[in-house]
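Heads up: the structure comes next, in structure tokens.
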Amino acid sequence: MRSSGSQILVGLFMLAGFAALVMLGYKVSNFQEFARQDTYTLIANFTNIGGLKVRSPVKVGGVVVGRVSNIELDNRSLTPVVYMAIAAEYDQFSSESSAAIQTSGLLGEQFISLTPGGDEVILEDGDEIEDTQSALVLEDLIGQFLFNRPSGNN
Amino acid sequence: MNDAIARLGAGTLTFLATLGRSGHLLIRSLLLIPGWRDLARISLQIFSVGVKSLVIIVVAGFFIGMVLGLQGYTNLVRFGAEAALGPFVALSLVRELGPVVSALLFAGRAGSSLTAEIGLMKATEQLAGMELMAVDPLRRIVTPRFWAGFISMPLLAAIFTAVGIIGAYLVGVSWLGVDGGSFWSGMQDSVDFQKDILNGVVKSLVFGFVVTWIAVFRGYDTLPTSEGISRSTTQTVVHSSLAVLGLDFILTALMFGELN
Amino acid sequence: MQGNKATRDEGDSHVRIEDMHFHRGERAIFNGISLDIPRGKITAIMGPSGTGKTTLLRLIGGQLIPSAGAIHFDGENIPELGRSALYRVRRKMGVLFQSGALFTDMSVYDNVAFPLRENTSLPEAVIRNIVLMKLEAVGLRGARNLMPAELSGGMSRRAALARAIALDPEIIMYDEPFAGQDPISMGVVVRLVKSLNETLGLTSVVVTHDVQEVSSIADYIYVFAGGKVIGQGTPEQMRADQTPRVSQFMQGLPDGPVPFHYPAPDFEQDLMGADSHE
């Protein structure tokens with residue numbers, strides 16, 4: 001058949017297309033993380049989340065252990081509630097752990113930094129981290145600095 | 001004045017009739033379920049629609065990636081943020097440039113040749129002859145080309161994007177000295193598989209569908225003269241390029257519109 | 001000879017058109033025509049260019065639907081047939097288009113094999129035999145591996161003829177088979193039309209305006225003008241016809257009822273610039 005040569009090329013073309021998709025999945029995007037879906041959820045209340053977004057990383061000592069999965073406003077206390085999806089392998093956070101919203105660099109993206117505590121009780125799926133520290137908002141800091149300076153000089 | 005209104009009305013009616021005929025063609029050719037014989041025909045059409053567009057897609061993707069690497073670097077380095085080159089390049093390519101530019105190239109390369117081919121078959125009475133030989137030209141000619149375009153487009157867009165990222169890597173990392181590790185890991189941090197890559201694939205599926213539809217319809221509906229074919233070919237490129245850009249805005253608004 | 005009224009009674013007609021009207025936009029192409037195409041005979045449909053002769057073939061093939069009237073093919077009314085019934089009927093028809101309409105991306109062999117492969121489930125060996133038989137009939141067995149672009153005009157028309165008879169149709173319709181042919185290939189086509197009609201007993205419909213060629217082979221002639229049948233009969237009767245319009249066409253006179261001049265105002269006045277556009 002005349003078409004067999006072109007059929008091989010079509011096969012190669014489709015292989016190349018799928019290879020490109022696989023490369024985009026594994027090398028370019030977070031597909032590996034996406035594929036590994038064993039996570040459990042921790043909840044934390046903040047007074048101000050600053051620029052935190054869904055999918056912002058959750059880190060312990062700089063190591064990414066999870067992502068922010070959802071952000072809501074608690075209707076009663078009117079404070080933000082942050083849901084974090086933590087990889088199932090990191091399941092040893094005690095109830096005394098604390099969560100802080102920090103910024104990578106001066107203007108970089110914001111993330112949640114978890115600091116493990118020493119308590120015996122281990123946090124499980126759906127538990128809440130009590131000890132939280134809200135985002136530092138640069139504008140507030142500048143405002144405080146300007147407000148406080150006269151008294152500092154006197 | 002009356003004349004202008006009459007012309008507007010006539011134009012609207014012509015437009016509606018054209019839309020109706022193209023919808024009729026779409027429905028009739030998609031209702032035909034491909035069988036084994038059709039698969040061989042689809043593969044032959046993937047060859048002429050997809051494989052033959054590969055060179056222009058790869059070359060264009062490579063150069064666009066290199067330009068993105070260069071422009072991104074010169075602008076980011078002023079803020080000391082050249083580490084953001086990876087995410088910048090990857091997000092531009094995956095979300096927008098990959099699907100859109102490859103669809104525009106596809107319209108110019110494959111769409112115009114589809115229109116010209118089918119139009120020529122119509123002008124030389126090959127379609128009419130087929131019909132009188134009790135063979136449905138929609139099934140034999142239109143349907144395989146349709147599926148071939150639909151299948152080829154996302155693959156071409158993926159190849160375009162991947163080659164573009166490699167081009168940006170060559171310029172940014174190998175030439176300008178951005179750190180390779182942060183190039184890739186920054187990308188992985190900011191490109192979401194579901195939100196960015198899959199949405200990009202959905203975009204290119206939609207573009208492939210629309211471009212092939214316009215191309216096939218313009219060929220099938222052409223005036224069977226050489227002037228008619230050349231006009232239809234031009235119309236294919238113009239209409240499908242505009243359709244791609246317009247749809248891209250709508251799709252982007254739907255997919256990425258709600259800011260987090 | 002054969003073409004007298006007696007051979008055209010109902011039982012014998014293969015295609016029978018009754019009071020058929022067809023409009024394209026505002027323009028009436030056919031204005032109530034009736035004709036019979038007798039089985040196994042060569043019927044010529046003649047008329048000046050632009051009288052819708054090709055349209056008539058498309059109407060018989062069911063590609064166009066008349067606005068009124070009936071087209072009976074073997075007793076079935078074509079315009080009323082559903083899709084699958086129409087395709088079944090079309091398998092009994094062969095059409096030779098003016099341009100040949102060979103598929104440009106296939107060799108001559110594959111072109112002739114095309115209707116067989118699409119419409120039958122014959123094994124490839126049988127198809128090969130049929131294709132070679134048909135190609136032998138038109139004298140192109142040696143050209144089977146050529147592509148249509150490599151054929152001369154006369155050869156591609158013969159190859160298209162082989163394809164048109166591949167399914168052994170009952171009726172074959174020729175659209176301007178003699179147009180644009182050199183004298184030799186014209187003679188070849190004339191002989192082929194005649195011999196296919198005789199050896200296979202094919203009902204043949206020849207649409208043409210080549211009076212001389214078709215008069216030598218046709219059994220019966222219809223002459224069209226202005227959407228109507230203006231004359232019919234055997235070639236002898238037609239040549240003797242004294243109706244002005246028919247005789248003008250049959251003799252090929254430049255002026256007559258069909259005027260040489262496109263309608264225009266008086267020549268003298270026109271030259272004087274009576275209505276000249278400034």
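Atom set for the values below is all heavy atoms of this structure, side chains included, hydrogens, waters and symmetry mates excluded. Naming convention: chains lettered A, B, ... in sequence-line order (proteins, then strands); numbering from 1 in each chain.
The residue from A:Asn45, A:Asn48, A:Thr47 that alone fulfils the side-chain hydrogen bond (donor to acceptor under 3.5 Å, both in side chains) condition with A:Ser134 is A:Thr47.
Residues B:Phe160 and B:Leu97 share a closest heavy-atom pair of CE2-O, 3.7 Å.
B:Gln126 and B:Thr124 share a donor-acceptor pair across their side chains, judged by distance under 3.5 Å alone. Side-chain polar atoms of B:Glu96 and B:Thr252 form a donor-acceptor pair below 3.5 angstrom.
Proximity to chain A is limited to the side chain of B:Ile151, based on heavy atoms less than 4.5 angstrom apart. With a 4.5 Å cut-off on non-hydrogen atoms, B:Ile197 touches chain A through its side chain but not through its backbone. For B:Ser152, the parts lying near chain A are the backbone and the side chain together; criterion is any non-hydrogen pair under 4.5 Å. Contacts of B:Val163 with chain A are absent, with no heavy-atom separation under 4.5 Å from either backbone or side chain. Both the backbone and the side chain of B:Ile46 come within contact range of chain A, each with at least one heavy atom under 4.5 Å from a heavy atom of that chain.
Counting non-hydrogen atoms of other residues, nucleotides and ligands closer than 6.0 Å to CD of A:Glu124 gives a total of 12 or fewer.
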